[in-house]
Amino acid sequence: EESKLHRVVTAFRKGILNGWPSQNMCFAVSAALEGYLRAVCGYDCKLIEGEVGDNYHYWVELSDGNIIDATADQFQKPDGETMPSVYIGECPKWYLT
């Protein structure tokens with residue numbers, strides 16, 4: 001079952017991207033999402049700057065250590081499988097900070 005947080009993030013991503021691909025939009029989406037989650041939804045979270053593969057990347061880290069990557073679909077897992085549009089969970093080992 002999709003969590004309320006996942007639904008909120010998916011709708012937020014859709015509103016920001018407005019049909020555009022997520023490629024190179026991680027800062028625009030994640031910085032705005034962090035502010036929204038903090039100010040409107042009451043989450044304790046922070047914007048993280050890191051790297052995925054050879055790319056700089058931004059995502060949001062929750063106080064429990066889990067992450068929200070609202071533009072994860074621009075990357076593939078090490079096994080070649082594409083990441084979901086919105087990833088919420090443990091920080092993948094290939095995400096470097």
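Computed from heavy atoms alone, side chains included, the values below leave out hydrogens, waters and symmetry copies. Every value quoted in this text rests on a predicted model; they were computed, and no experiment measured them.
Residues forming a side chain to side chain donor-acceptor pair (under 3.5 Å) with E61 (at least two apart in sequence, or on another chain): none.
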Verdict with reasoning, V60 to Y43, per side-chain contact (heavy atoms from CB on, under 4.5 Å): CA-CA 11 Å; V60 176; Y43 282 90; over 6 Å; no
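No side-chain heavy atom of Q74 sits less than 4.5 Å from a side-chain heavy atom of V52. The shortest distance between side-chain heavy atoms of L47 and F27 falls below 4.5 Å.
For D54, the CG atom sits in a loose shell: 12 or fewer heavy atoms of surrounding residues, nucleotides or ligands are nearer than 6.0 Å.
Interatomic distance, N66 CG to D64 CG, rounded to the nearest 0.5 Å: 4.0 Å. One finds the CD1 atom of I16 at 11.5 Å from the OG1 atom of T71 (value rounded to the nearest 0.5 Å). The distance from atom CD of E51 to atom NE2 of H57, rounded to the nearest 0.5 Å, is 11.5 Å. Between the CG atom of D79 and the OG1 atom of T82 there is a distance of 9.5 Å, given to the nearest 0.5 Å.
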Tell me which donor-acceptor pairs under 3.5 Å the side chains of residues 17-25 have, and how far apart each pair is, sequence neighbours excluded?
unit_1, atom_1, unit_2, atom_2, d
S22, OG, D73, OD1, 2.6

Identify all side-chain donor-acceptor contacts of residues 83-94 below 3.5 Å with residues at least two apart in sequence or on another chain.
unit_1, atom_1, unit_2, atom_2, d
Y87, OH, E90, N, 3.4
Y87, OH, E90, O, 2.4

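Taking each heavy atom of N55 and F75 in turn, the nearest pair found is ND2-CE2, 3.6 Å. Smallest separation of non-hydrogen atoms from Y58 and S30: O-OG, 3.2 Å. Looking at every heavy atom in both residues, E49 comes nearest to Y56 through OE2-CD2, 4.2 Å.
Linking ILVMFWY residues whenever their side-chain heavy atoms come closer than 4.5 Å, directly or via other members, places V29 and I68 in the same cluster. The same ILVMFWY cluster, assembled from side-chain heavy atoms under 4.5 Å apart, contains both L62 and Y36. I48 and L37 are assigned to two separate hydrophobic clusters, defined by single-linkage of ILVMFWY side chains at heavy-atom distances under 4.5 Å.
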